[in-house]
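When reading the values below, keep in mind they use all heavy atoms of this one structure, side chains included, and skip hydrogens, waters and symmetry mates.
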Number of protein chains: 2
Amino acid sequence: MSTSKSETVVSLNSLKVACRECSLNSLCLPLGIAAADLERLDAIIDRKRPIARGEHLYRCGDSFQAIYAVRSGSLKTYATSEDGQEQVMGFQLPGELVGMDAIVDSAHPLSAVALETASVCEIPFSKLESLSGELPSLQRQLLRLMSQEIRDDQKTMAVLAQKSAEERLAAFLISLSTRFHQRGFSPVRFNLSMSRGDIANYLGLALETVSRLFTRMHDDGLLRVDRKEVELLDREKLCLFAGANCAHQPPRKTSGHTP
Amino acid sequence: MSTSKSETVVSLNSLKVACRECSLNSLCLPLGIAAADLERLDAIIDRKRPIARGEHLYRCGDSFQAIYAVRSGSLKTYATSEDGQEQVMGFQLPGELVGMDAIVDSAHPLSAVALETASVCEIPFSKLESLSGELPSLQRQLLRLMSQEIRDDQKTMAVLAQKSAEERLAAFLISLSTRFHQRGFSPVRFNLSMSRGDIANYLGLALETVSRLFTRMHDDGLLRVDRKEVELLDREKLCLFAGANCAHQPPRKTSGHTP
DNA sequence: CGACGACATTGACGCAGATCAAAATCACCT
DNA sequence: AGGTGATTTTGATCTGCGTCAATGTCGTCG
């Protein structure tokens, strides 16, 4: 299925790609930046070689030099408590930024590891800082992305604080679905790059519970699962389970944003 | 008990106070800003009249105009789900900023309400944005404070995902204790401006559980509680509870798992 | 290809904490 | 003061999900 020719195309595709040609630029840092200014941003970004599954982008405690944008593949971030326990804090998809939690004291509080082969753009923070002093649109987008992260984390807190196991998993799947959709992929059929254990850990559940929920949801006709692949058969109902803050809500006030 | 003279002093104190004279400036936006530049920040900040307990600073859905710094008193932020349920997302003490979660789409995703009489500084966001384009030290501090918020939220997520009820309450009390200490108050004796219900909601527990935990912790000699007032009698042990796992009265299992 | 280890599913059981219920205490009126 | 509603405490019961345990399945490598 792969020829040397297609491989060449892939490498070019994954290794160069300036921001202006990147299909993710409307989700990422370049959003709203004029073409002329975009070159200056491009100039400070380092496209790193792909990192393999299991390889770390940085580890907890590492000194903070840069934030990273996922270009392809996916990452997970996690904390390690002194007793060696791991707490998964999030999963990052293409177009999402990682490492903004390290700005405050120049050391990473989490570790970031690739869940599958992934490529990232490294954005040296000191350069980003000075450039965003010069480009208001860049400054604005950086603040927006950090604000978005705060909001997403709050959403997760709410899920953990008040949802049942089934609702948590539904919310998780809907979140992934929405994010895949934004990135041009199918919102109903996608791959889970993380293990059941990672999902359970992230959602504050036991691994066995997640497994049971998948079979239960399958039996209820909500989805199909085969190993890593999921297909959402009834996204509507999953949205309701999740706490209903998905698209299409007729009886609502102004074009609404719900928490 | 009040003369016109003392009242004048109080009003001056609570209504004016430039950043440079504010005891909280090393926790707040002014940190790291040179005296000359501080005046420019001061100029855009509006000191609002105190808001009463129960009064809202903003409500979910309100258009986003400004972020706020708590000067005195305390706030809580909360989301309301479509079924009317409330989810407490955080409590803000003097020196802390609220509203940064609204930057991304110019509407507040949460509501903010005073838990007791409180005064806040209103910082119009568009002015803050342009000023931080001119003052690198302000830009840096704004990014740091947002990064701090991300980090705090992640900490809360971890607590919700993997701690038992008792550990959650301990973590909450230690967090408050630390924050009061940073603000120059006693780290062992302070007032809970929020109700048991708010604490329970924030920690993802039932109100009754929180009440029972307070009595249990009291019986165990960890703290004293009288209505709203708490005194931490064994901060060390509470820290252990809050952090990793800790041996406790019930029949001991192997060594400690997630409950 | 067969075997080993990592990951996933399924079942049985118990407990932490939710829920239901009621009493006690506090805050705030007139 | 004293009465009323909100808040908190305490008790009794129920249950969702964690824990333990065993079996099943996939991916990988000799």
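Rounded to an integer number of Å, the gap from CG of B:Leu213 to P of D:dT9 is 11 Å. Between B:Gln162 atom CD and D:dC17 atom P there is a gap of 18 Å when expressed in whole angstrom units. Distance A:Leu169 CG to D:dC17 P: 11 Å, rounded to the nearest Å. In this structure, A:Met194 atom CE and C:dA8 atom P are separated by 11 Å, rounded to whole Å. Between the P atom of D:dG16 and the CZ atom of A:Arg216 lies a distance of 9 Å, rounded to the nearest Å. When the P atom of D:dT8 is taken as reference, atom CD1 of B:Ile199 falls 8 Å away, rounded to whole Å. Nucleotide D:dG16 holds its P atom 19 Å from the CG atom of A:Leu203, rounded to whole Å. Taking atom CZ on B:Phe214 and atom P on D:dT10, their separation rounds to 13 Å, with Å as the unit.
Contact annotation for A:Ser211: base contact, defined as any heavy-atom pair under 4.0 Å involving a base atom.
Using a 4.0 Å cut-off, some side-chain N or O of A:Thr215 falls inside it from OP1 or OP2 of C:dT10.
The listed nucleotides are C:dT9, D:dG18, C:dG17; the one nearest the side chain of A:Arg196 is C:dT9.
With sequence neighbours excluded, the residues satisfying ring pair (Phe, Tyr, Trp, His ring centres under 6.0 Å) with B:Phe180 are B:Phe190. With sequence neighbours excluded, the residues forming a side chain to side chain contact (heavy atoms under 4.5 Å, CB included) with B:Ser74 are B:Leu93, B:Leu115, B:Glu116, B:Ser193, listed by chain and number.
Between the side chain of A:Glu55 and the backbone N or O of A:Ala114 there is no donor-acceptor pair closer than 3.5 Å. The main-chain N or O of A:Leu203 is found under 3.5 Å from a side-chain atom of A:Arg168 such that the two form a donor-acceptor pair. Remark: the backbone N or O of A:Arg151 is not paired with any side-chain donor or acceptor of A:Gln154 at under 3.5 angstrom.
In this pair, A:Phe91 and A:Tyr202 present their aromatic rings perpendicular. The plane angle is above 60°, beyond the 30 to 60° band.
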#### Entry: B:Ser111 vs B:His56, side-chain contact (heavy atoms from CB on, under 4.5 Å): CA-CA, chis, key distance, verdict
CA-CA 7 Å; B:Ser111 304; B:His56 278 76; 4.0 Å; yes

### Message
Walk along nucleotides 19-29 of chain C from 5' to 3' and tag each nucleotide B, S or - by protein heavy-atom contact under 4.0 Å, base first, then sugar-phosphate.
### Response
BBB----SS--

